[in-house]
Asker: 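The structure's right below; bear with me while I get my questions together.
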There are 2 protein chains.
Amino acid sequence: MTGTGTGSRTDVRAAAPGDGSLLLDDQLCFALYAASRAVTARYRPLLDELGLTYPQYLVLLVLWERDSISVRELGAALHLESSTLSPLLKRLEANGLLRRERRADDERSVALRLTRDGARLRERAGTVPLAIGDAMGLTPEQDALAKQLLRLLTANVTEG
Amino acid sequence: MTGTGTGSRTDVRAAAPGDGSLLLDDQLCFALYAASRAVTARYRPLLDELGLTYPQYLVLLVLWERDSISVRELGAALHLESSTLSPLLKRLEANGLLRRERRADDERSVALRLTRDGARLRERAGTVPLAIGDAMGLTPEQDALAKQLLRLLTANVTEG
DNA sequence: CGGTATTAAGTCGTGCACAACTTATTAGGA
DNA sequence: TCCTAATAAGTTGTGCACGACTTAATACCG
């Protein structure tokens, strides 16, 4: 009786994606939610040294790539609403990392321009992805696979 | 000159996990952050009908599995602090889904017990995982793989 | 037993995140 | 042209999420 007897069939707690399980640990959504918060927590001490929060860091990643974009374009890149970005951008401006100026050709739009300090922060941030990548501890293949699956998931869930 | 000339080597925007790229779309952390919010957004209309937020739904998933646990145990299951859970649990109590009672044998601890309404909500919630699983659109293999990778990532990032 | 350390829960302040709404500006059609 | 739609950004209210701290109760050690 090594199999603990009855129920070896029902002992299957494997997580079929489409089954109706209400067990927390069967849910991909929870694995996702927990992982996202865990990664953000890992960033926190590093970003504290730069005086940034995690969403602020993401904003700067975008602006370091292409400066002088609008709030709308930034929101499209990060999948965030203006109601989230407006106060966040005000804080970044108050901290002297960027300026917000109405565009002359379209007064509805606000252009975001890095200040010298904002641009310079890029160098200090250079070590952050390495440190995080290290902490994540995934192989290049696992990392690529995870990104691929997450993008597929996001695309599927966003449409319809 | 079909290769757009110079730079065909540097055109490799592939995302090595440990490279120092500061490009937003190379970052696993952003894929994770975006996916987590996208999935939560997909849950929202379904949970609205149950009068729940997503974190509240997660709390109920735990309580439907094992009722009468403490705030501490709940926090361990969800990886959440008491400073997050206390107000959330108050709202669930105000909505009549659970009761909080100090344990007689240890007055520091608070036991969470589902009310009849809280227990009954489980039936109405039964269709939620199916609907979400469907919207996610992953094969069983992809789903299992994603969960596996996310759990590995969480474990790696949480330690040390 | 007494006193200190530990633990459990909760409060407070800050910063997202988003829905619903407002304001201002531009676009486009009758 | 006017005038209605659509668009961009921002405001407001609610609910997380977490660090730092507080309060109360239990554990443990000399």
Side-chain angles (χ1 to χ4, degrees), chain A residues 30 33-45 47-48 51-60 69-95 98-112 158, chain B residues 30 33-45 47-48 50-60 69-95 97-112 158:
Chain A
F30 175 66
Y33 166 79
S36 181
R37 284 187 303 114
V39 168
T40 303
R42 187 78 189 208
Y43 269 97
R44 197 163 294 118
L47 296 180
D48 275 351
L52 295 174
T53 65
Y54 181 70
Q56 288 170 9
Y57 169 72
L58 294 180
V59 166
L60 289 181
I69 62 174
S70 67
V71 174
R72 196 195 72 79
E73 291 167 309
L74 180 63
L78 297 176
H79 313 166
L80 287 172
E81 305 296 319
S82 72
S83 52
T84 298
L85 289 174
S86 285
L88 189 158
L89 292 168
K90 271 192 183 178
R91 285 186 281 272
L92 286 178
E93 186 174 40
N95 292 343
L98 56 79
R99 275 188 298 271
R100 298 180 303 152
E101 346 179 310
R102 291 272 162 192
R103 284 201 200 284
D105 59 332
D106 186 346
E107 296 262 333
R108 292 173 300 182
S109 193
V110 165
L112 305 169
T158 301
Chain B
F30 175 66
Y33 167 79
S36 181
R37 284 188 300 114
V39 168
T40 303
R42 187 78 188 208
Y43 269 96
R44 196 164 294 118
L47 296 180
D48 275 351
L50 306 181
L52 295 174
T53 65
Y54 180 69
Q56 289 170 8
Y57 169 72
L58 294 180
V59 165
L60 290 181
I69 62 175
S70 67
V71 174
R72 196 195 72 79
E73 290 167 309
L74 179 63
L78 296 176
H79 311 169
L80 287 173
E81 306 296 319
S82 72
S83 52
T84 298
L85 289 174
S86 285
L88 189 159
L89 292 168
K90 270 191 182 176
R91 285 186 281 271
L92 286 177
E93 187 175 39
N95 292 344
L97 299 180
L98 56 79
R99 275 188 298 272
R100 298 180 301 152
E101 344 179 312
R102 291 275 163 189
R103 283 201 201 284
D105 59 332
D106 185 345
E107 296 261 332
R108 290 173 301 183
S109 193
V110 165
L112 305 169
T158 301

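Quick note on labels: first sequence line is chain A, next is B, and so on, each numbered from 1.
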Asker: In the structure shown, which nucleotide is the Watson-Crick or G-U wobble counterpart of C/dT26, with both distances under 3.5 Å?
Answerer: none
Asker: Contact class for A/Leu80 vs. all strands (heavy atom < 4.0 Å): base, sugar-phosphate, or nothing?
Answerer: sugar-phosphate
Asker: Is any side-chain nitrogen or oxygen of A/Arg44 closer than 4.0 Å to OP1 or OP2 of D/dG19?
Answerer: yes
Asker: In this structure, how many angstroms lie between the P atom of C/dA17 and the CZ atom of B/Phe30, rounded?
Answerer: 11 Å
Asker: Identify whether any heavy atom of A/Ser82 sits under 4.0 Å from a base atom; if not, whether one sits that close to sugar-phosphate; answer base, sugar-phosphate or nothing.
Answerer: base
Asker: Is B/Arg91 close enough to D/dT14 that one of its side-chain N or O atoms is under 4.0 Å from OP1 or OP2 there?
Answerer: no
Asker: What's the closest nucleotide to the A/Gln56 side chain, out of C/dG10, C/dC16, C/dA8?
Answerer: C/dC16
Asker: Whether A/Arg108 contacts D/dA9 is assessed here as follows: a side-chain N or O lying under 4.0 Å from the phosphate OP1 or OP2. Is that the case?
Answerer: no
Asker: When all nucleic acid strands are considered with a 4.0 Å heavy-atom cut-off, which category describes A/Thr40: base, sugar-phosphate, or nothing?
Answerer: nothing
Asker: Select base, sugar-phosphate, or nothing to describe what B/Arg100 touches, counting heavy atoms under 4.0 Å on all strands.
Answerer: sugar-phosphate
Asker: Mapping B/Glu73 and A/Glu81 onto DNA chain C by nearest heavy atom, which one lands closer to the 5' end?
Answerer: B/Glu73
Asker: Can you figure out which of C/dA9, D/dT26, D/dT11 approaches the side chain of B/Asp106 most closely?
Answerer: D/dT26
Asker: To the nearest Å, how far apart are B/Asp105 CG and C/dA8 P?
Answerer: 13 Å
Asker: Return the value, rounded to whole Å, for the distance between atom CG of B/Asp48 and atom C1' of C/dA17.
Answerer: 14 Å
Asker: I need the OH-P distance between B/Tyr57 and D/dC16, as an integer number of Å.
Answerer: 16 Å
Asker: For the residue pair B/Gln56 and B/Leu50, establish whether any side-chain heavy-atom pair is separated by less than 4.5 Å.
Answerer: no
Asker: How close or far is atom C1' of D/dT11 from atom CG of A/Leu85, stated in whole angstroms?
Answerer: 14 Å
Asker: What is the ring orientation for B/Tyr54 with B/Tyr43, classed by angle as parallel under 30°, tilted 30 to 60°, or perpendicular over 60°?
Answerer: tilted
Asker: If each of A/Ala38 and A/Thr84 is mapped to the nucleotide of DNA chain D with the nearest heavy atom, which maps nearer the 5' terminus, i.e. the 5' end?
Answerer: A/Thr84
Asker: For A/Tyr33 and D/dA17, is the shortest distance between a side-chain N/O and OP1 or OP2 below 4.0 Å?
Answerer: yes
Asker: Hey, is the side chain of B/Thr53 pairing donor to acceptor with the base of D/dG15 inside 3.5 Å?
Answerer: no
Asker: Find out whether B/Leu52 and B/Val59 are in side-chain contact, i.e. whether some heavy atom of one side chain is under 4.5 Å from a heavy atom of the other.
Answerer: no
Asker: Measure across A/Leu98 and A/Leu89 and return the closest heavy-atom pair with its distance rounded to 0.1 Å.
Answerer: CD1-O, 3.9 Å
Asker: Measure CG/B/Asn95 against P/D/dC16 and give the value in whole Å, please.
Answerer: 10 Å
Asker: Between atom CZ of B/Phe30 and atom CG of A/Leu58, what is the distance when rounded to the nearest 0.5 Å?
Answerer: 6.5 Å
Asker: Paired with C/dA17: which nucleotide, if any, by Watson-Crick or G-U wobble criteria at under 3.5 Å for both distances?
Answerer: D/dT14
Asker: Which part of the nucleic acid, if any, lies within contact of A/Ser83, taking any heavy atom under 4.0 Å across all strands shown: a base, the sugar-phosphate backbone alone, or nothing?
Answerer: base
Asker: When you get a sec, tell me which of D/dC16, C/dG15, D/dG10 is the closest nucleotide to the side chain of B/Pro55?
Answerer: D/dC16
Asker: On a heavy-atom basis, which atom in B/Arg100 and which in B/Leu112 lie closest, and how many Å separate them?
Answerer: CG-CD2, 3.5 Å
Asker: Of the non-hydrogen atoms in B/Pro87 and B/Ser82, which two are nearest, and what is the gap between them?
Answerer: CD-O, 4.2 Å
Asker: Whole angstrom is fine here: how far is it from CG in A/Leu92 over to P in C/dC16?
Answerer: 8 Å
Asker: In whole angstroms, how far is the P atom of D/dA24 from the CZ atom of B/Arg72?
Answerer: 22 Å
Asker: Does A/Leu89 or B/Tyr54 map to a spot on DNA chain D nearer the 5' end, using the closest nucleotide for each?
Answerer: A/Leu89
Asker: Below the 4.0 Å mark, does C/dT11 have OP1 or OP2 next to a side-chain nitrogen or oxygen of B/Lys90?
Answerer: yes
Asker: Between B/Arg103 and D/dA25, is there a contact of a side-chain N or O with OP1 or OP2 at under 4.0 Å?
Answerer: no
Asker: What form does the base of C/dA8 take, syn (within 90° of 0) or anti?
Answerer: anti
Asker: Indicate whether OP1 or OP2 belonging to D/dC18 is found under 4.0 Å from a side-chain N or O atom of A/Arg37.
Answerer: yes
